[in-house]
**Student:** 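Encoded as structure tokens, here's the structure I'll be asking about.
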Amino acid sequence: MLNNLKVALIHEFLITWGGSDLVVQKFSEIFPDAPIFTALYDTKTMQKHFTDRRIVTSFLQRIPFAVRSHRLMMPFFPIAFESFDLNEYDLVLSSHHMAAKGVITLPSTCHICFCHTPMRYAWDFYHKFLTENPPALRFPLRLLFHYLRAWDTATASRVDYFIANSKNIANRIWKYYRRESDIIHSPVETARFRISETKDDFYLVVSRLVSYKRIDLAVEAFNRLGRRLVVVGSGPELKKLKKMARKNVEFT
């Protein structure tokens, strides 16, 4: 029956490889003929993960430096996703953590949203995000996120069925959208890992180094403990974390 449906996949952006991108890759394996609609696409980084897939980008792709500075494009994401014409599709499957669920579909189209989280910066990380910005920016940011919260709440009604990637996210979906959701855990590439025959004496963090991952808490804890911590990853928090870390904390 699914083979007879015309399917579209929606994803926030294809810029850095992470857990949500793996989810979309698995969706694409289930629906190999489905185009992937996304706000921004970095071909250098992501093309190898989506070989022979049709990627449809928004008008933001034509803005110079938008891919490199995708976080600054956040105010325009609602317009970007609403600009996609999905009238020809029977099933829309969105991968959402910011604005992807906001696409507009026909009444006859089934929209299923796999929600990684409601928009973090607008909801549970809102006050922390404000304090991380200079005082002069805080009032404009309050206005922006007031608008984004209203839009995010309103567009929850455009989704027919919500899927949460965990019980924690299911609770957030209920809190902010007042919508029930089914839980399907994200895929894990277990074949990439094995149990080592030897054991070294250190602790390990593997993550994108962005503020909401709170790697600073791990670094501060090991600063106090004096135990060896190895941090694997990159991101805008790298310089800050290196500056606060003591010699027992390594970055690679």
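As a basis for the values below, the full set of heavy atoms in this structure was taken, side chains included, without hydrogen atoms, waters or symmetry mates.
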**Student:** Does the Arg158 side chain pair with the main chain of Gly102, one donor and one acceptor, at a distance under 3.5 Å?
**Tutor:** yes
**Student:** If you look only at distance, which donor and acceptor atoms sit under 3.5 Å apart when one is on a side chain in residues 86-94 and the other is two or more places apart or in another chain?
**Tutor:**
residue: Glu88; atom: OE1; partner: Lys6; partner atom: NZ; Å: 2.4
residue: Asp90; atom: OD2; partner: Lys6; partner atom: N; Å: 2.8
residue: Ser94; atom: OG; partner: His111; partner atom: NE2; Å: 2.8

**Student:** With rounding to the nearest 0.5 angstrom, report the CZ to CZ distance, Arg214 to Phe125.
**Tutor:**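 So the gap between those two atoms works out to 8.5 Å.
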**Student:** Taking NZ, NE, NH1 and NH2 as the nitrogens, is one of them in Asp33 or Arg54 under 4.0 Å from a carboxylate oxygen of the other?
**Tutor:**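 Answer for the salt bridge query: no.
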**Student:** When clusters are formed by joining ILVMFWY residues with side-chain heavy atoms under 4.5 Å apart, either directly or through shared neighbours, do Ile184 and Val159 land in the same one?
**Tutor:** no
**Student:** Report the distance from atom CD of Glu237 to atom NZ of Lys243, rounding to the nearest 0.5 Å.
**Tutor:** 13.0 Å
**Student:** Checking Arg138 side chain against Leu130 main chain: does a donor-acceptor pair fall under 3.5 Å?
**Tutor:**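 Yes, the answer is positive, given that a donor and an acceptor are paired below the 3.5 Å cut-off.
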**Student:** Determine whether Phe129 and Ser211 make a side-chain contact, defined as any pair of heavy atoms from C-beta on separated by less than 4.5 Å.
**Tutor:** no
**Student:** Given side chains that start at C-beta, do those of Val23 and His116 come closer than 4.5 Å, heavy atoms only?
**Tutor:**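 The answer is yes, as the side chains (C-beta and beyond) meet within the 4.5 Å cut-off.
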**Student:** Nearest 0.5 Å please: distance from the CG atom of Leu204 over to the CZ atom of Arg228.
**Tutor:** 10.0 Å
**Student:** Could you tell me the separation between the OH atom of Tyr41 and the OG atom of Ser58, rounded to the nearest 0.5 Å?
**Tutor:** 14.5 Å
**Student:** Mind listing the closest non-hydrogen atom pair of Ala218 and Val205 along with its distance?
**Tutor:**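 The pair with the smallest heavy-atom distance is CB-CG2, 4.2 Å.
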**Student:** Can the ring centres of Phe13 and His11 be said to be less than 6.0 Å apart?
**Tutor:** no
**Student:** Could you tell me whether Phe222 and Tyr203 have their ring centroids closer than 6.0 angstrom?
**Tutor:** yes
**Student:** Hey, does Ile36 have a side-chain heavy atom less than 4.5 Å from the side chain of Val24?
**Tutor:**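 In contact.
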**Student:** Among residues at least two apart in sequence or on other chains, which ones pass salt bridge (charged side-chain N to carboxylate O under 4.0 Å, His left out) with Lys128?
**Tutor:** Glu132
**Student:** Quick check for you: to the nearest 0.5 Å, what is the distance between Trp123 atom CH2 and Thr117 atom OG1?
**Tutor:** 11.5 Å
**Student:** So, Arg208 versus Ser234: side-chain donor-acceptor pair below 3.5 Å or not?
**Tutor:** no
**Student:** Assigning hydrophobic clusters by single linkage (Ile, Leu, Val, Met, Phe, Trp, Tyr; side-chain heavy-atom cutoff under 4.5 Å), is Tyr121 placed with Leu141?
**Tutor:**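 Yes, one cluster joins them.
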**Student:** Which residue in the set Tyr177, Phe145, Tyr147 passes side chain to side chain contact (heavy atoms under 4.5 Å, CB included) when paired with Asp152?
**Tutor:**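 Result for side chain to side chain contact (heavy atoms under 4.5 Å, CB included) with Asp152: Tyr177.
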**Student:** Could you check whether Lys101 and Thr155, counting side-chain N and O atoms only, form a donor-acceptor pair closer than 3.5 Å?
**Tutor:**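 Note: Thr155 and Lys101 side chains meet the donor-acceptor criterion.
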**Student:** Is Glu250 salt-bridged to Lys242, going by a charged N under 4.0 Å from an acidic O?
**Tutor:**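 No.
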**Student:** Is it possible for you to say whether Phe81 and Leu144 belong to one hydrophobic cluster, with membership spreading through side-chain heavy-atom contacts below 4.5 Å?
**Tutor:**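 As far as the 4.5 Å side-chain criterion goes, Leu144 and Phe81 are connected within one cluster.
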**Student:** Does Arg149 count as lying over the ring of Tyr176, i.e. NZ or CZ under 6.0 Å from the six-ring centre, within 45 degrees of the axis?
**Tutor:**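 The answer is no; the distance or angle limit is not met.
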**Student:** Same cluster or not: Leu229 versus Met244, using hydrophobic residues (I, L, V, M, F, W, Y) connected whenever any side-chain heavy atoms lie under 4.5 Å apart?
**Tutor:**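 Yes.
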**Student:** Would you say the side-chain atoms of Glu12 pair up with the backbone N or O of Ala39, donor to acceptor, closer than 3.5 Å?
**Tutor:** no
**Student:** Given Arg68 and Asp42, is the salt bridge (Lys or Arg N to Asp or Glu O under 4.0 Å) satisfied, shown in steps?
**Tutor:** CA-CA 9 Å; Arg68 187 186 309 170; Asp42 188 341; over 6 Å; no
**Student:** My understanding is that only one of Asp21, Leu40, Thr45 makes a side chain to side chain contact (heavy atoms under 4.5 Å, CB included) with Ile15; could you say which?
**Tutor:**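 The side chain to side chain contact (heavy atoms under 4.5 Å, CB included) with Ile15 is passed solely by Leu40 among Asp21, Leu40, Thr45.
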**Student:** Over all heavy atoms of both residues, which pair between Ala34 and Leu9 is shortest? Give the atoms and the distance, please.
**Tutor:**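 Closest pair (atom of Ala34, atom of Leu9, distance): CB-CG, 3.9 Å.
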**Student:** Consider only side-chain heavy atoms of I, L, V, M, F, W and Y, link residues closer than 4.5 Å, and tell whether Phe84 and Phe31 are in one cluster.
**Tutor:** no
**Student:** If we ignore hydrogens and angles and just use 3.5 Å, is the side chain of Arg179 paired with the main-chain N or O of Ala156 as donor and acceptor?
**Tutor:**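 It does hold such a pair.
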**Student:** Taking the six-membered ring of Trp174 (Phe, Tyr or Trp), confirm whether the NZ or CZ of Arg178 is under 6.0 Å from its centre and within 45° of its axis.
**Tutor:**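 Output yes; distance and angle both within limits.
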**Student:** What residues, two or more places apart in sequence or in another chain, satisfy side-chain contact (heavy atoms from CB on, under 4.5 Å) together with Pro236?
**Tutor:**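 side-chain contact (heavy atoms from CB on, under 4.5 Å) check on Pro236 returns Arg71, Val210.
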**Student:** Is the side chain of Ser207 donor-acceptor paired with the backbone N or O of Leu209 at a distance under 3.5 Å, no angle test?
**Tutor:**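 Not at all, since once roles are kept as given, no pair shorter than 3.5 Å links the two residues.
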**Student:** Quick check: closest heavy atoms across Pro75 and Pro78, and the distance to 0.1 Å?
**Tutor:** O-CD, 3.6 Å
**Student:** Are Phe251 and Leu241 side-chain neighbours, meaning at least one heavy-atom pair lies under 4.5 Å?
**Tutor:** yes
**Student:** For residues Met98 and Met74, determine if any side-chain heavy atom of one lies less than 4.5 Å from a side-chain heavy atom of the other.
**Tutor:**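 Side chain of Met98 against side chain of Met74, heavy atoms only: contact under 4.5 Å found.
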**Student:** Could you grab the distance from atom OH of Tyr126 to atom OG1 of Thr131, nearest 0.5 Å is fine?
**Tutor:** 11.0 Å
**Student:** Closest approach of Asn248 and Gly226, non-hydrogen atoms and distance?
**Tutor:**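 Closest heavy-atom pair between Asn248 and Gly226: ND2-C, 3.6 Å.
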**Student:** Could you check whether any side-chain heavy atom of Ser186 comes within less than 4.5 Å of a side-chain heavy atom of Phe114, counting everything from C-beta outward?
**Tutor:**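 Contact flag for Ser186/Phe114 side chains = yes.
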**Student:** If you count the non-hydrogen atoms of other residues, nucleotides and ligands that lie under 6.0 Å from CG in Asp182, is the total more than 12?
**Tutor:** no
**Student:** Answer yes or no: is there an ion pair linking Asp124 with Lys175, defined by an N-O contact shorter than 4.0 Å?
**Tutor:**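 No, this pair does not count.
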**Student:** For the NE2 atom on His49, are there more than 12 heavy atoms of other groups (residues, nucleotides or ligands in this structure) within a distance under 6.0 Å?
**Tutor:** yes
**Student:** If the test is side chain to side chain contact (heavy atoms under 4.5 Å, CB included), which one of Ile10, Leu14, Leu60 qualifies with Thr38?
**Tutor:** Leu14
**Student:** Could you tell me which non-hydrogen atom of Pro118 sits nearest to which non-hydrogen atom of His96, and how far apart they are?
**Tutor:** CA-NE2, 4.4 Å
**Student:** Using every non-hydrogen atom in the two residues, find where Ala100 and Ser95 come nearest and quote the distance to one decimal.
**Tutor:**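 Closest heavy-atom pair between Ala100 and Ser95: CB-O, 3.4 Å.
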**Student:** Take Lys26 and Leu22 through the side chain to side chain contact (heavy atoms under 4.5 Å, CB included) test and state the conclusion after the steps.
**Tutor:** CA-CA 6 Å; Lys26 297 305 179 185; Leu22 175 61; 3.8 Å; yes
**Student:** Any side-chain heavy-atom pair from Tyr161 and Cys113 closer than 4.5 angstrom?
**Tutor:**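 Sidechains of Cys113 and Tyr161: no contact.
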**Student:** Residues two or more places apart in sequence or in another chain: which of them pass side-chain contact (heavy atoms from CB on, under 4.5 Å) with Leu72?
**Tutor:**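 side-chain contact (heavy atoms from CB on, under 4.5 Å) list for Leu72, sorted by chain: Ser69.
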**Student:** Only counting residues at least two apart or in another chain, list the ones meeting side-chain contact (heavy atoms from CB on, under 4.5 Å) with Ser166.
**Tutor:** Asn168, Ile169
**Student:** Are any of the side-chain heavy atoms of Ile163 and Ile112 separated by less than 4.5 Å?
**Tutor:**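 Yes, close enough: below the 4.5 Å cut-off.
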**Student:** Distance-only, no hydrogens or angles: does the Asn165 side chain make a donor-acceptor pair with backbone N or O of Ile183 under 3.5 Å?
**Tutor:**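 Judged by distance alone, no pair lies under 3.5 Å.
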**Student:** Classify the side-chain pair Glu82/Trp151 by whether it contains a donor and acceptor separated by less than 3.5 Å.
**Tutor:**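 There is such a pair (donor and acceptor under 3.5 Å, judged by atom type) between the side chains of Glu82 and Trp151.
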**Student:** Tell me every residue that passes side-chain contact (heavy atoms from CB on, under 4.5 Å) with Asp201, counting only those two or more places apart in sequence or in another chain.
**Tutor:** Arg227
